[in-house]
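Notes for the one structure printed next.
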Amino acid sequence: MLVVGDILGAGIYILVGEVAHDVGGMVWLPFLLAFCLAFLTATSYVEMVSAEPHAAGSAHYVDLAFGRPLLTFLVGYVVAASAVSTAAAVSRAVGGQYLGTLFEAPVAPVALVMVLALSVLTWVGVAESARATAVMTVVEVGGLVLVIAVGALGLLGGAADPSRLLDSGTTHAGASGVLAAAALAFFAYLGFEDIVHLSEEVRDPRRAFPRALLGGLAVVGVLYMGVTVSVALLVDSAQLAASSAPLLEALEAGSLPIPAEAFAVIAIVAVTNTALLALTTASRQVYGLARKGSIPAMLGRVGRRHTPTRAIIGVAVVVGVLVVTGGVRGLADTTVALLLGVFTMVNITVLVLRRRRHDNATTQPRPFRTPTALPIIGALGSAVLLVDTLIAGGLGLYIRLGVLFTLGLGLYALTRLRQRSTG
C-alpha cells in the first residue's frame, strides 16, 4: 500500500496530455517504456536492501560502494532536490484546467498558497500528514479506476476507436520523440525509491521488501496502462495533446454520468497528495543531511512539534521560488533529470557492491539477486534518458539544475569549512 500510494499521484493526472503532445494516441508506449526502466532500477534496490536494509537509502549504498563523502552527499542532496522540484511542479498543476473546472484563479498564487498550507501540515506532524495521505490515496485510485471503466465501456459499446492507439497525431514521433515522452512519463513512476528509507522498519525486509516494491510497482504499471489506453481510445490525439486535463476529457467522452466538477476534485486531491509527500520527503532528507553534518546543523533542529521546522521552512522557500519561475513540464523535467542521475548511479552501485561482497568470503548468500543484465540495462537506459532530457530541456532546465546544485554545494562547502575551523 505504501509503494502504490507513494507512486500514484499527480504524474498520471497531469502529464498524459504532455506525453500525447510528443506521441499522439501512442501515449501508452512511453508509459510502458518508463515502467520497464523503473522496474529494472527497482530490482537493483531490492538486491541491495535484501543484503543490508538501511534507512539512508541510495546515499548509504553509494557510500558503501565508493566511500567518497562528496559523492555520497550529492546523491542524498539530489534526492532532496528532486522532491523539491516535484513539489513545485505539482503545486503549479493545481491551478491548471482541473481547478479551472471549478473556478478561475491565477496559477502561481494558487500554487504558493498550496505550498504554504501543505508545509504547515508537514510541520504539524507526520501522523497528521500520513492520515491525509491515506485518504487522498484512496480517492486518487478511485479516479483512475473510473477512467479505466469508462474506456472499457466505450470499447464494449462502440464509442472507442482502437485505431487511435497507433496514431502518432501531427507529431509523427520517431525514436527521439518516444524517448523524450518516456523520460517525461518516468515522472509518473517516481516515488518507489522512497520506500527504501523504510526498509529497517519492516519486520522481515529480506522477505517482504521484494514482494512489496516489485508487486506495488506492478500494480501501478497495470493502472497506468489501463488509464493511458482508455484515454487514447476515447479522445482524438490532437485534442488529447492540447489538453491540460486529459483524464477529464476521457470521462466527458465516455458513457458514465460523472460530473466534471467531481472528477476535477479527485484530480486536485491526487495532485495535492503528491505535493504533500514531496514536501515531507524533501524536508526530512534535508534534516537528515544536516544531522549527518553535510549541511549546516541549523537545518537539523527540531521544533516544539517534534518536526524539523527550519528544514520545512527552507524547503518551502525554495519550492516557492521554483513555482513562480517555471512551468509544470519544465519542473517535471528537472525532477526526472535529477533522479535519472541517481538511478544511473544506483544500477552501477549494485554491481560494485556485488563484486565486493563476492570477494568477502564471510558474506552470506543474499536471498535476492537480480540477473546481471538488468542493472546494466537499467544504468544504460537511465543514462540515455538523462542525456535526452538534458538535450531537450533547454536553458530553463540548465538554470534550475545550476541553481539547485550551486545551493547544495555551497551549503556543503560552508559546513566543511566550519568543521575544519572548529576541528
Side-chain angles (χ1 to χ4, degrees), residues 48 54-88 119 122 190 193-194 196-197 278-303 307-322 325-326 331 333-349 352-353 382-383 386 389-390 393 397-423:
M48 292 187 293
H54 200 284
S58 305
H60 172 71
Y61 299 117
V62 169
D63 189 44
L64 282 181
F66 302 101
R68 302 286 183 180
L70 179 58
L71 181 60
T72 301
F73 162 75
L74 283 174
V75 171
Y77 176 76
V78 165
V79 172
S82 68
V84 166
S85 57
T86 296
S119 295
T122 62
L190 298 180
E193 70 283 356
D194 292 338
V196 177
H197 299 289
L279 287 167
T280 302
T281 298
S283 61
R284 270 54 177 183
Q285 190 77 4
V286 169
Y287 164 79
L289 290 171
R291 295 286 291 177
K292 192 175 180 179
S294 298
I295 59 177
M298 60 176 293
L299 293 171
R301 293 175 186 171
V302 176
T307 51
T309 304
R310 295 187 180 185
I312 291 171
I313 294 172
V315 165
V317 169
V318 178
V319 171
V321 171
L322 291 176
T325 58
L331 292 167
D333 282 342
T334 304
T335 299
V336 169
L338 290 167
L339 282 183
L340 283 173
V342 172
F343 294 159
T344 301
M345 181 61 66
V346 163
N347 283 298
I348 295 171
T349 296
V352 174
L353 289 177
S382 297
L386 173 58
T389 301
L390 292 174
L397 175 60
Y398 293 115
I399 292 175
R400 283 187 291 273
L401 291 176
V403 169
L404 289 172
F405 276 104
T406 299
L407 176 62
L409 290 172
L411 291 172
Y412 180 79
L414 178 62
T415 304
R416 299 286 287 184
L417 286 173
R418 286 184 176 178
Q419 291 170 347
R420 289 178 183 177
S421 63
T422 57

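One-based numbering along the sequence shown.
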Check your understanding: Of all heavy-atom pairs between I312 and S119, which one has the smallest distance, and what is that distance?
Key -> CG2-O, 3.6 Å
**Study point:** Sole candidate of L338, L331, V319 that passes side-chain contact (heavy atoms from CB on, under 4.5 Å) when paired with V84
**Key:** V319
Review point. Do you know which two heavy atoms are closest between G300 and A290, and how far apart they sit?
Key: N-CB, 3.3 Å
Practice item. Nearest 0.5 Å please: distance from the CG atom of L409 over to the CZ atom of R416. Key: 12.5 Å
Exercise for review: List for me each residue that meets side-chain contact (heavy atoms from CB on, under 4.5 Å) alongside P69, sequence neighbours excluded, and say none if there are none.
Suggested key: Y412
Point to revise | Minimal non-hydrogen separation, P296 against T415, with atom names | key: N-OG1, 2.9 Å
**Study point:** Smallest separation among heavy atoms of L397 and T389, with atom names
**Key:** CD2-O, 3.5 Å
Pairs under 3.5 angstrom only: tabulate donor-acceptor contacts from the side chains of residues 72-83 to other protein residues two or more places apart or in another chain.
| residue | atom | partner | partner atom | Å |
| --- | --- | --- | --- | --- |
| T72 | OG1 | D63 | OD1 | 3.1 |
| T72 | OG1 | R68 | O | 3.1 |
| Y77 | OH | L404 | O | 2.4 |
| Y77 | OH | G408 | N | 3.2 |
| S82 | OG | V78 | O | 3.4 |
| S82 | OG | V79 | O | 2.6 |

Review point. Can you tell which of V315, V302, T307, L299 makes a side-chain contact (heavy atoms from CB on, under 4.5 Å) with Y287?
Key: V302
Revision key, fill the gap. Between the CE atom in M345 and the OG atom in S382, the distance rounded to the nearest 0.5 Å is 11.5 Å
Revision key, fill the gap. So the side chain to side chain donor-acceptor pair (under 3.5 Å) pairs with at least one residue in residues 337-349 (sequence neighbours excluded) are T41-N347, S44-N347
Point to revise | OG-CG distance between S294 and L411, expressed to the nearest 0.5 angstrom | key: 10.5 Å
Practice item. With rounding to the nearest 0.5 Å, note down the distance linking CD in Q285 to OG1 in T280. Key: 12.5 Å
Practice item. Kindly indicate, with the supporting measurements, whether the criterion side-chain contact (heavy atoms from CB on, under 4.5 Å) is fulfilled by H60 and V196. Key: CA-CA 11 Å; H60 172 71; V196 177; over 6 Å; no
Check your understanding: Which atom pair, heavy atoms only, marks the closest approach of A337 to L390?
Key -> CB-CD2, 4.5 Å
Exercise for review: Quick one: closest heavy-atom pair of M298 and R310, and the distance?
Suggested key: O-CD, 3.2 Å
Study note, to complete from the structure: CG (L401) and CG (D333) are apart, to the nearest 0.5 Å, by 9.5 Å
Exercise for review: Dump the intermediate steps for side-chain contact (heavy atoms from CB on, under 4.5 Å) on V352 and F66, then the final yes or no.
Suggested key: CA-CA 8 Å; V352 174; F66 302 101; 4.0 Å; yes
Check your understanding: Where the side chain of E193 meets the backbone of L339, is there a donor-acceptor pair that is under 3.5 Å apart?
Key -> no
